[in-house]
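Along the sequence shown, residues are numbered consecutively beginning with 1. All values below were derived from every heavy atom in this structure, side-chain atoms included, with hydrogens, water molecules and symmetry-related copies excluded.
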Amino acid sequence: MTGPKNLESRTKHVKQTWGKHCHHILYMSSVKTDFPTVELNVSEGRENLYWKTIRALQYIHQHHQDKANWFLKADDDTFVVIENLQYILSNLDPDKPLYLGRRFKPFISQGYMSGGAGYVLSKEALRRFVKGFQTGRCTHFSTIEDMALGKCMETMKVEPVDTRDLKGRQTFHAFPLDHYIIRQLQRPRPWYLIYDYYVPNEGPNCCSDFIVSFHYIHAVQQYVLEYFTYHLRPYGYSYRFKPDKMVEANNKTH
């Protein structure tokens, strides 16, 4: 999700970093450009974010639904580790109505996924979302994009998936890493931790080794995270967290 004012300052840096790891990527905007961007029939502005998402998902359903099993919505200031997302999705069935991301708890009974952290719809969830608007079961009842989409997911019986790792650490993040990993003195919790569906952890145990996303990541930080993710390797370090072996051991135990 982007706009004409952000192509140089944000979107081109997504294209040159994590965007290269996607199987297929579309840049949704209000105008068509040679970037290229897809022109949606919607005006720019925060009050139109949900309309933009609705139109984008309808466009994808009409033109691209057979090109992928899973559909990620991300902002132009989100950083995503696609391989970690693929790992989470590898044991899930895209023909089931599934919905993944950083799960928040207020307003919607089953919660909803943070828009900034990015969220993922299975092929069946995308189909149900579009059907919801075709039948009138889903409506544009709020300008709060992620919450309103979450309401449609609940209405259309789309199941939220727990995206925490085997140690209960979060993989999707609505803010940069420093908001979570630095231990804080006792204080009132900020809203994004109060909103967390699961009991939040602050400090080193906040975040999975298989992080999927961070939000509010601008140009320079996109390249820094790209380098740390794909190039930095401490010499002699033996990787300790082996989730596949833990799953195998749990299966044998049970």
| message | Regarding T2 and T11, do their side chains bring together a donor and an acceptor under 3.5 Å, going by distance alone? | response | yes
| task | Please say whether more than 12 non-hydrogen atoms of neighbouring residues, nucleotides or ligands are located less than 6.0 Å from CZ in F228. | result | no
| request: With rounding to the nearest 0.5 Å, note down the distance linking CZ in R164 to OH in Y198. | output: 5.5 Å
| message | Using 0.5 Å steps for rounding, measure from the CD atom of E159 to the CG atom of L100. | response | 9.5 Å
| field | Nearest-0.5 Å distance, NZ of residue K131 to SG of residue C138 | value | 11.0 Å
| On the ring face of F35, is K15 found with NZ or CZ under 6.0 Å from the centre and within 45° of the axis? | yes
| In the single-linkage hydrophobic clustering (I, L, V, M, F, W, Y; side-chain heavy atoms under 4.5 Å), do M153 and L49 co-cluster? | no
| request: Please indicate whether H23 has more than 12 foreign heavy atoms, meaning atoms of other residues, nucleotides or ligands, lying under 6.0 Å from its NE2. | output: no
| task | Can you see which heavy atom on D93 is nearest to which on D95, and at what distance? | result | OD1-N, 2.9 Å
| query | So, K167 and D165, do they make that salt bridge, N to O below 4.0 Å? | reply | no
| query | Around atom CG of D178, are there more than 12 heavy atoms of other residues, nucleotides or ligands at under 6.0 Å? | reply | yes
| note | Rounding to 0.5 Å, atoms CG (D76) and NE2 (H218) come to a distance of 9.0 Å
| Among the clusters formed by ILVMFWY side chains lying less than 4.5 Å apart, do Y112 and Y119 turn up in the same one? | yes
| Can you tell me how far the CZ atom of R10 sits from the NZ atom of K5, to the nearest 0.5 Å? | 11.5 Å
| note | For E226 and T17, the nearest pair of non-hydrogen atoms, with its separation, is OE1-C, 3.5 Å
| query | Do M113 and P160 have side chains that get closer than 4.5 Å, going by heavy atoms? | reply | yes
| request: Evaluate side chain to side chain contact (heavy atoms under 4.5 Å, CB included) for F133 paired with Q58, printing each intermediate quantity in order. | output: CA-CA 9 Å; F133 278 89; Q58 289 171 337; 4.1 Å; yes
| query | Are any non-hydrogen side-chain atoms of R102 and Q170 less than 4.5 angstrom apart? | reply | yes
| request: Please round to the nearest 0.5 Å and tell me the distance separating atom CD of E124 and atom CE of M156. | output: 9.0 Å
| With the 4.5 Å side-chain cut-off for hydrophobic clustering, are I108 and L57 part of the same group? | yes
| field | Candidate list K52, K73, R55, test salt bridge (charged side-chain N to carboxylate O under 4.0 Å, His left out), partner E145, passing option | value | K73
| request: Name the orientation class of the two ring planes belonging to H21 and Y230 (parallel below 30°, tilted from 30 to 60°, perpendicular beyond 60°). | output: parallel
| field | Result of checking I88, L98, L121 against W70 for side-chain contact (heavy atoms from CB on, under 4.5 Å) | value | L98
| Just wondering, do R183 and E202 contact through their side chains at under 4.5 Å, heavy atoms? | no
| message | Grouping I, L, V, M, F, W and Y whenever their side-chain heavy atoms are under 4.5 Å apart, do F210 and L177 come out in a common cluster? | response | no
| query | Any side-chain heavy atom of F107 within less than 4.5 Å of one from K151? | reply | no
| For the ring pair Y216 and F175, is the centre-to-centre distance below 6.0 Å? | yes
| said: Just by distance, no angles: are the side chains of Q16 and Y223 close enough, under 3.5 Å, to form a donor-acceptor pair? | reply: yes
| query | Do the ring centers of Y180 and F214 come within less than 6.0 Å of each other? | reply | no
| With side chains defined as the heavy atoms from C-beta onward, is the minimum distance between W51 and S43 less than 4.5 Å? | no
| F129 versus V158: any side-chain heavy-atom pair under 4.5 Å? | no
| said: With heavy-atom distances below 4.5 Å as the criterion, would you say the side chains of T171 and N84 are in contact? | reply: no
| task | Find out whether D66 and K123 are in side-chain contact, i.e. whether some heavy atom of one side chain is under 4.5 Å from a heavy atom of the other. | result | yes
| task | Could you give me the CA-CA distance, side-chain angles and deciding distance for Y197 and D162, then say whether side chain to side chain contact (heavy atoms under 4.5 Å, CB included) is met? | result | CA-CA 10 Å; Y197 189 88; D162 184 354; over 6 Å; no
| field | Mutual orientation of the aromatic rings belonging to W191 and Y195 [parallel < 30°, tilted 30-60°, perpendicular > 60°] | value | perpendicular
| task | Check whether more than 12 heavy atoms from other residues, nucleotides or ligands sit under 6.0 Å from atom NZ of K96, and answer yes or no. | result | no
| query | Should V212 and F104 be counted in the same cluster of Ile, Leu, Val, Met, Phe, Trp and Tyr side chains packed under 4.5 Å apart? | reply | no
| task | Identify which one of L225, T229, V81, V80 satisfies the side-chain contact (heavy atoms from CB on, under 4.5 Å) criterion when paired with W18. | result | V80
